[in-house]
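Quick notes on the structure that follows.
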Amino acid sequence: HVQLVESGGGSVQAGGSLKLSCASSGWTYAMYCTSWFRQVPGKEREGVGAIDGDGRSRYADFMKDQFTISRDNAKNTLYLQMNSLKAEDTAMYYCAARVGFYCPTGSRWRDLSGYDYWGQGTQVTVS
């Protein structure tokens, strides 16, 4: 039984930083592509970044140089370091995983339907 549990969200002032974590259990974590998504009420969930089992990452264009996705396979944990936060980064942040060591190429990693497991989300509020 795979479980994904996000943590690290909270309230922060504009310009500040937060580091989100997504702890997982019930599987061989290193064998899965894992990703971060975010969602604002009334809007579609959007991809933030994805990371292959070997640590190669990719990001949505609007995330470049602001967020960094990483993973620690020994700890079964996914991370999202968020810097220079802005009010428009306020959202619920979700981690997700899909079967396959490598994440889909191009923009296909952002396809929500391709993910097999989702966490419950952690709220980030920037003011």
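Quick caveat: nothing in here was measured; it's all calculated off a predicted structure. In this chain, residues are counted from 1 in sequence order.
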Kindly compute the distance separating [atom1] ([X]) from [atom2] ([Y]), expressed to the nearest 0.5 Å.
X: R38; Y: M92; atom1: CZ; atom2: CE; value: 13.5 Å
X: S21; Y: Q81; atom1: OG; atom2: CD; value: 9.5 Å
X: N73; Y: M31; atom1: CG; atom2: CE; value: 10.0 Å
X: S24; Y: Y32; atom1: OG; atom2: OH; value: 10.0 Å

Point to revise | Co-members of the apolar cluster containing V40 [side chain, <4.5 Å] | key: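 So far as hydrophobic clustering goes, V40 is joined with none.
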Does some side-chain heavy atom of [Y] sit less than 4.5 Å from a side-chain heavy atom of [X]?
X: L4; Y: W27; answer: yes
X: D89; Y: Q66; answer: yes
X: Q123; Y: T90; answer: yes
X: L20; Y: E6; answer: no
X: L78; Y: I51; answer: yes
X: F67; Y: L85; answer: yes

Review point. In chain order, what residues pass the ring pair (Phe, Tyr, Trp, His ring centres under 6.0 Å) check against Y115, with sequence neighbours excluded?
Key: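 Y115: ring pair (Phe, Tyr, Trp, His ring centres under 6.0 Å) contacts with F37, W118.
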Practice item. Please identify each residue that fulfils ring pair (Phe, Tyr, Trp, His ring centres under 6.0 Å) with Y93, with sequence neighbours left out. Key: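 None.
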State whether the side chain of [X] and the backbone N or O of [Y] hold a donor-acceptor pair below 3.5 Å, judged by distance alone.
X: R110; Y: A50; answer: no
X: Q13; Y: S127; answer: no
X: S35; Y: A96; answer: no
X: Q120; Y: V5; answer: no

Review point. Side-chain heavy atoms under 4.5 angstrom apart, residues restricted to Ile, Leu, Val, Met, Phe, Trp, Tyr: same cluster for W109 and F62?
Key: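 No, separate clusters.
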Point to revise | ILVMFWY cluster, L112 and Y59 together (side-chain gap under 4.5 Å) | key: no
Check your understanding: How would you list, by chain and number, every residue that makes a side-chain contact (heavy atoms from CB on, under 4.5 Å) with T105, sequence neighbours excluded?
Key ->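 side-chain contact (heavy atoms from CB on, under 4.5 Å) list for T105, sorted by chain: R58, R108.
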Exercise for review: Scan residues 6-57 for pairs that pass disulfide bond (SG atoms under 2.5 Å apart), counting only residues two or more places apart or in two chains.
Suggested key: C22-C95, C33-C103
Practice item. Under the side chain to side chain donor-acceptor pair (under 3.5 Å) rule, collect the residues that match up with Q3, sequence neighbours excluded. Key: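 Testing Q3 for side chain to side chain donor-acceptor pair (under 3.5 Å), a comparison that skips the adjacent residues, returns none.
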